[in-house]
Protein chains: 4
Amino acid sequence: MAAGTINKVILIGNLGDDVKMHYFDDQNCVGRFPIATSESYTNKTTGEKVTSTDWHNIVVRNGLAKVCEKYLSKGDKVYVEGKLKNRQWEQDGVKRYSTEIHVNEMTMLSTKKNLETPNNTNPQQHQKPSAPAPKAVQEEENDDLPF
Amino acid sequence: MAAGTINKVILIGNLGDDVKMHYFDDQNCVGRFPIATSESYTNKTTGEKVTSTDWHNIVVRNGLAKVCEKYLSKGDKVYVEGKLKNRQWEQDGVKRYSTEIHVNEMTMLSTKKNLETPNNTNPQQHQKPSAPAPKAVQEEENDDLPF
Amino acid sequence: MAAGTINKVILIGNLGDDVKMHYFDDQNCVGRFPIATSESYTNKTTGEKVTSTDWHNIVVRNGLAKVCEKYLSKGDKVYVEGKLKNRQWEQDGVKRYSTEIHVNEMTMLSTKKNLETPNNTNPQQHQKPSAPAPKAVQEEENDDLPF
Amino acid sequence: MAAGTINKVILIGNLGDDVKMHYFDDQNCVGRFPIATSESYTNKTTGEKVTSTDWHNIVVRNGLAKVCEKYLSKGDKVYVEGKLKNRQWEQDGVKRYSTEIHVNEMTMLSTKKNLETPNNTNPQQHQKPSAPAPKAVQEEENDDLPF
DNA sequence: TTTT
DNA sequence: TTTT
């Protein structure tokens with residue numbers, strides 16, 4: 001046990017795909033989607049401008065997963081905050097590793113989904129009461145299950 | 001190019017090993033070391049306390065790498081801030097992926113190395129002038145090379 | 001001296017006013033503007049929804065100040081990152097205190113200014129070479145002057 | 001209401017004083033303490049090294065306040081994360097302003113208090129069951145009251 | 001003083 | 001696979 005450690009990731013980027021949901025039962029579900037961040041720099045030797053893009057595997061759970069599924073789609077820009085988690089599993093006898101960002105806070109910075117919805121010019125202004133407001137959304141805290 | 005993206009990682013954790021240096025030439029070098037973060041949670045079903053540890057591959061360059069090599073060793077606690085970077089390469093014809101944290105700011109929160117140095121009770125207070133102070137150390141900015 | 005300290009502020013909010021510039025000389029200038037962040041919560045006793053807004057005094061210098069002046073205006077949404085700084089001065093014999101955010105990184109998340117500019121549909125795509133690109137902009141590092 | 005805003009402060013610093021508690025009733029209390037962060041820079045004109053210290057007013061509530069009172073004291077180093085909040089009040093007919101950091105996460109990085117406790121070499125390892133573990137402590141979430 |  |  002390593003007390004006094006901090007594991008925090010903050011990203012602003014664009015969804016490379018829609019949110020894929022997986023339901024375990026009525027209560028528990030997980031959503032996954034990729035986010036791209038990029039940066040440009042000038043190659044010192046050649047002098048040319050290079051852009052490099054990094055892809056991040058976002059994982060959200062339960063209520064926050066449902067909000068993401070409802071309001072986010074491919075291309076949207078979001079702010080997310082979470083933790084780096086290493087996952088390993090076996091596939092065809094080969095050990096596979098992957099790094100995920102387990103996100104507990106999400107803020108939409110743009111959205112395509114609801115701009116086309118009739119009678120709903122902006123999802124941040126008019127929300128169906130059954131769903132949490134899609135602004136800064138935090139994960140429920142009373143949740144001790146690992147992913 | 002994706003303007004307006006943010007890619008930020010903040011970690012406080014302990015070194016799982018010493019800093020491994022690799023020199024490209026006189027000017028350019030890279031240092032690598034693993035950092036562990038952990039968290040405890042209670043398994044809802046079984047009621048038992050579980051601790052999970054995540055390991056992060058830290059990458060530092062040039063001046064900051066030299067500072068890390070000089071002042072950090074296995075077991076030390078550090079604050080680091082950087083970017084998530086995906087690296088892929090081929091090994092024996094198999095594509096390998098790894099996620100690294102390219103760190104540009106480091107602050108020592110404990111050190112073993114220099115506590116044994118005679119006449120130097122605290123490396124943060126009394127530093128040899130030849131080396132940068134081992135407190136909050138930032139990467140030089142005039143650096144356009146990719147890792 | 002307190003080695004090993006961290007002072008970091010991350011804000012996403014809207015400009016309450018345009019950037020006000022102050023030039024010291026050819027090289028040095030400072031820009032100031034207010035940013036609003038808000039949050040909503042439900043008053044436990046009365047059950048009514050309350051929104052509270054906080055105003056933050058942003059301070060930028062030199063190159064970053066010029067970028068802010070050029071691309072930001074009242075109402076725009078931005079990401080900024082910086083340090084908390086306390087300033088005190090005397091006015092009419094009374095001590096005054098104020099807290100500022102000295103920002104060294106800024107990313108535009110929306111802009112009004114340049115959407116109206118002819119031949120320039122998006123300031124993030126087409127930038128005059130004399131000015132830095134208005135995406136993620138970082139302060140020059142070779143700067144040891146206090147504000 | 002301003003959807004899509006972020007207000008985040010991350011500090012590592014030392015307590016300038018003990019935690020001062022104020023109890024409203026059995027359930028609700030608030031704790032306050034100052035944290036110092038510092039930085040050194042070289043004055044360009046004079047060439048001399050200058051250290052500047054900033055003081056931050058930390059505010060914690062309820063469970064987190066009790067943990068802070070129990071484990072933190074003057075001189076300790078802590079990591080805190082929270083929000084910037086502006087407070088204004090009137091004193092003798094004069095409007096007063098102050099900026100506070102409303103903290104919802106705290107991690108102890110050093111402690112004096114419990115090192116002297118018999119049979120308790122490390123408060124992070126051995127905790128009385130009546131109190132939350134003093135490592136990474138988060139505020140309870142089901143709390144809609146403003147400060 | 002912003003924004004939704 | 002995104003975005004500009």
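We name chains A, B, ... by the order of the sequence lines, and we start the count at 1 in each one.
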Legend entry - Nearest-angstrom distance from the residue atom CG of Asp76(A) to P of dT2(F): 13 Å

Legend entry - Whole angstrom value for the distance that separates P of dT1(F) from CG of Leu72(A): 21 Å

Inset, instruction - Select one nucleotide: of dT1(F), dT3(E), dT1(E), the one nearest the side-chain heavy atoms of Lys74(A). - result: dT1(F)

Inset, instruction - Would you kindly give the CD1-to-C1' distance between Ile58(C) and dT2(E), to the nearest whole Å? - result: 12 Å

Inset, instruction - Evaluate the side-chain proximity of Val78(C) to Ile35(C): yes if any heavy-atom separation is below 4.5 Å, no if none is. - result: yes

Inset, instruction - Take the protein atom CZ of Phe33(A) and the nucleotide atom C1' of dT1(F), then report the distance between them rounded to whole Å. - result: 14 Å

Inset, instruction - Check whether any side-chain heavy atom of Lys83(C) sits under 4.5 Å from a side-chain heavy atom of Lys8(C), and report yes or no. - result: no

Inset, instruction - Find out whether Thr99(C) and Leu84(C) are in side-chain contact, i.e. whether some heavy atom of one side chain is under 4.5 Å from a heavy atom of the other. - result: yes

Inset, instruction - Round to a whole Å and report the spacing from CG of Asp17(A) to P of dT1(F). - result: 10 Å

Legend entry - Pi stacking test for Trp55(A) and dT2(F): under 5.5 Å apart, planes under 30°: no

Inset, instruction - Kindly say whether, by distance alone, the side chain of Thr5(D) makes a donor-acceptor pair under 3.5 Å with the base of dT2(E)? - result: no

Inset, instruction - Could you please name the option among dT1(E), dT2(F), dT3(E) that lies closest to any side-chain atom of Pro34(C)? - result: dT1(E)

Legend entry - Length of the line joining Lys20(C):NZ and dT2(E):P, which is rounded to integer Å: 13 Å

Legend entry - Spacing between Ile35(A) atom CD1 and dT1(F) atom C1', to the nearest angstrom: 12 Å

Inset, instruction - Classify the side chain of Ser38(A) and the base of dT2(F) as holding, or not holding, a donor-acceptor pair under 3.5 Å. - result: no

Inset, instruction - Specify the separation, in whole Å, of atom CD1 of Ile101(C) and atom P of dT2(E). - result: 20 Å

Legend entry - Donor on one side chain, acceptor on other, Tyr41(C) and Glu39(C), under 3.5 Å: no

